Number of protein chains: 2
Amino acid sequence: MWVTFPIITGEMVKQTTQNSFFGQYSYSIDTKGRVNIPAKFRQVLSNDNNKTFIITRGEERCIWVYPLVVWQEITERLGKLSAVSPNNRHFIRKTTRYASLVEYDKQGRIMLTKPLIDYAGLNKDVHIIGALNKLEIWNPETLDEVDSDDTNIDAVTLHELAKEIIL
Amino acid sequence: MWVTFPIITGEMVKQTTQNSFFGQYSYSIDTKGRVNIPAKFRQVLSNDNNKTFIITRGEERCIWVYPLVVWQEITERLGKLSAVSPNNRHFIRKTTRYASLVEYDKQGRIMLTKPLIDYAGLNKDVHIIGALNKLEIWNPETLDEVDSDDTNIDAVTLHELAKEIIL
DNA sequence: TAATATTGTGGGTAATTGTGGGTAACATTC
DNA sequence: GAATGTTACCCACAATTACCCACAATATTA
């Protein structure tokens, strides 16, 4: 069985690599809880993701959307942690608990779960942000608040990061 | 411009995630003590489980629900522990004593035993959590308490874990 | 520029899922 | 034995989800 995909041109490669996302887009959720995955992101997905994402709670009231293969790497590492340690148990539960596997349909939409929509406080309009190995879905208002709220930014950590990443 | 790839079927994806559970769902127990196994979990179960689970006491007042084949691996490992050591004897007794074998019916429900329902303090509404190789059934209130109780959780270790696993 | 394809959004319909209950078979107790 | 409780196996049905098709707006191509 075979399937045909658009070729990723040189122009696209310059901007993106597989399963790597950036940029911000505006979309809307319909009455059934569906959101479109931006076409630019879909084109960048490796085909072994099989149109599948894992959606889960993100930090600061947004939804994180992982391509399947990225999530599989994460769970693989989680599986190596022994469940005997309370710390490990807690960590495993925390990261897997709110996750849910979804596929996008013929129109390129995924269906969000009610708990996650509630968690992120989503209404009709949402912002979708590419965040390297995952996407983030935000209520625009929440995003504005987080942007303008610097109280939880640690200057020292930022400095460490800047040194580490070499900006 | 187009290029053609072999199709990765849903079946193939399921295999990579067989007997692996995550996500949290709300369900209710009926008057006969039956709970639904979330459909998403049923789809991921390998056939050799024969619709069979082992339910037993979990840590912290919840019920653990193991697919048959996962439980078999556990007992195999338990069997290798020498029963001479008092510690091992206690551990083996603790994990096998409250276990009971159940099958899910045509509607996908298992029947919980009264002792386990009492142990977990379950009323009508329950939360079912996918915890990798097993499910957990909780009274929502108990779950909230455990969540907010961080006394035995080491924040530093959690941070280390998060870095290691790379979310 | 016109023609064509892609993308974002909405909605209809069939299938699945979650939940409740009925009843017959079976076991348990007096 | 009868009375009682428990379990297995049905059926029913509302709510949700999966799977279509439609179509306007935008982008791409000739």
Side-chain angles (χ1 to χ4, degrees), chain A residues 3-12 15 21 23-45 50-53 55 65 100-118 122-128 130 135 137 140, chain B residues 1-3 9-11 13-14 21 23-45 50-53 55 65 100-118 122-130 135 137 140:
Chain A
V3 66
T4 304
F5 282 98
I7 283 186
I8 299 184
T9 66
E11 192 54 37
M12 296 157 97
Q15 296 180 27
F21 315 99
Q24 176 173 323
Y25 302 88
S26 292
Y27 284 89
S28 57
I29 307 183
D30 65 20
T31 52
K32 292 179 181 175
R34 297 175 296 190
V35 229
N36 210 314
I37 300 293
K40 291 214 172 177
F41 292 163
R42 290 199 306 264
Q43 289 161 0
V44 161
L45 288 166
N50 200 39
K51 303 185 174 183
T52 304
F53 290 95
I55 57 177
V65 184
S100 172
L101 190 145
V102 295
E103 288 178 49
Y104 64 82
D105 64 17
K106 259 187 191 165
Q107 280 71 251
R109 294 170 295 191
I110 56 173
M111 201 166 88
L112 302 176
T113 64
K114 270 194 216 68
L116 286 175
I117 290 175
D118 290 344
L122 301 183
N123 304 315
K124 193 168 193 312
D125 296 316
V126 298
H127 283 349
I128 302 186
L135 317 181
I137 303 179
Chain B
M1 290 167 72
W2 300 86
V3 65
T9 67
E11 198 52 42
V13 172
K14 269 186 213 161
F21 314 99
Q24 175 174 320
Y25 302 88
S26 293
Y27 284 88
S28 56
I29 307 184
D30 64 20
T31 52
K32 295 177 180 175
R34 296 175 297 188
V35 229
N36 210 314
I37 300 294
K40 292 216 171 176
F41 294 162
R42 292 199 306 263
Q43 290 162 0
V44 163
L45 287 166
N50 278 96
K51 303 184 173 182
T52 305
F53 290 96
I55 55 177
V65 183
S100 123
L101 191 144
V102 294
E103 287 177 51
Y104 65 83
D105 65 18
K106 255 187 195 166
Q107 279 72 249
R109 294 170 295 192
I110 56 172
M111 204 165 89
L112 302 176
T113 63
K114 270 194 216 65
L116 285 175
I117 290 176
D118 290 344
L122 301 184
N123 304 315
K124 192 169 192 310
D125 295 316
V126 297
H127 284 349
I128 302 186
I129 299 179
L135 317 182
I137 303 180

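Throughout, a chain's letter reflects where its sequence line sits, starting with A, and its residues are numbered from 1. Just so it is clear, the model here is predicted, and its values are computed rather than measured.
- Judged by closest nucleotide on DNA chain C, R109(A) is the one of R109(A) and I29(B) placed further toward the 5' end.
- Atom CG in D105(A) sits about 13 Å away from atom P in dT7(C), given to the nearest Å.
- One finds the CZ atom of F41(A) at 9.5 Å from the CZ atom of F53(A) (value rounded to the nearest 0.5 Å).
- Between the OH atom of Y104(B) and the P atom of dT17(C) there is a distance of 10 Å, rounded to whole Å.
- Checked options D118(A), V35(A), V102(A), V126(A); the residue passing with L112(A) is V35(A) (criterion: side chain to side chain contact (heavy atoms under 4.5 Å, CB included)).
- Heavy atoms of K124(B) sit under 4.0 angstrom from primed sugar atoms or phosphate atoms, though from no base atom.
- For the helix from dT1(C)-dA30(D) to dC30(C)-dG1(D), the end axes, each set by the C1' atoms of five terminal pairs, are bent relative to each other by 30° (nearest 10°).
- The phosphate of dG8(C) (OP1 or OP2) has a side-chain N or O of R42(A) nearer than 4.0 angstrom.
- If you measure from atom NZ of K114(B) to atom C1' of dT6(D), you get 7 Å, rounded to the nearest angstrom.
- The nearest whole Å value for the distance from the CD atom in E103(B) to the P atom in dC10(D) is 13 Å.
- Straight-line distance from the CD1 atom of I37(B) to the C1' atom of dT16(C): 17 Å, rounded to whole Å.
- No hydrogens or angles were tested; on distance alone, nothing pairs the side chain of R34(B) with the base of dG18(C) as donor and acceptor under 3.5 Å.
- Each of K32(A) and Q107(A) has a nearest nucleotide on DNA chain D; the 5'-most of these lies closest to K32(A).
- When the shell of 6.0 Å around NZ of K51(B) is examined, it contains 12 or fewer heavy atoms from other residues, nucleotides or ligands.
- Taking atom CD1 on I117(A) and atom C1' on dT16(D), their separation rounds to 13 Å, with Å as the unit.
- Between K106(A) and the phosphate of dC19(D), there is no side-chain N or O to OP1/OP2 separation shorter than 4.0 Å.
- Note: OH (Y25(A)) to C1' (dT9(C)) measures 18 Å, nearest angstrom.
- Residues I128(A) and V65(A) fail the side-chain proximity criterion, which asks for heavy atoms closer than 4.5 Å.
- A donor-acceptor pair under 3.5 Å is absent between the side-chain atoms of N123(A) and the main chain of D125(A), judged by distance alone.
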Quick one: do N36(B) and Y25(B) satisfy side chain to side chain contact (heavy atoms under 4.5 Å, CB included)? Show the steps, please.
CA-CA 10 Å; N36(B) 210 314; Y25(B) 302 88; over 6 Å; no
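- Among the heavy atoms of the strands lying under 4.0 Å from N36(B) is at least one base atom, whether or not backbone atoms are also near.
- OP1 or OP2 of dG8(C) has at least one side-chain nitrogen or oxygen of Y27(A) nearer than 4.0 Å.
- Rounded to whole Å, the distance from CG on D30(B) to P on dA12(D) is 18 Å.
- When side chains are defined from C-beta on, I29(B) does not count as touching I137(B), because their heavy atoms never get closer than 4.5 Å.
- Within the nucleic acid shown, T31(B) has no heavy atom closer than 4.0 Å to any nucleic acid atom.
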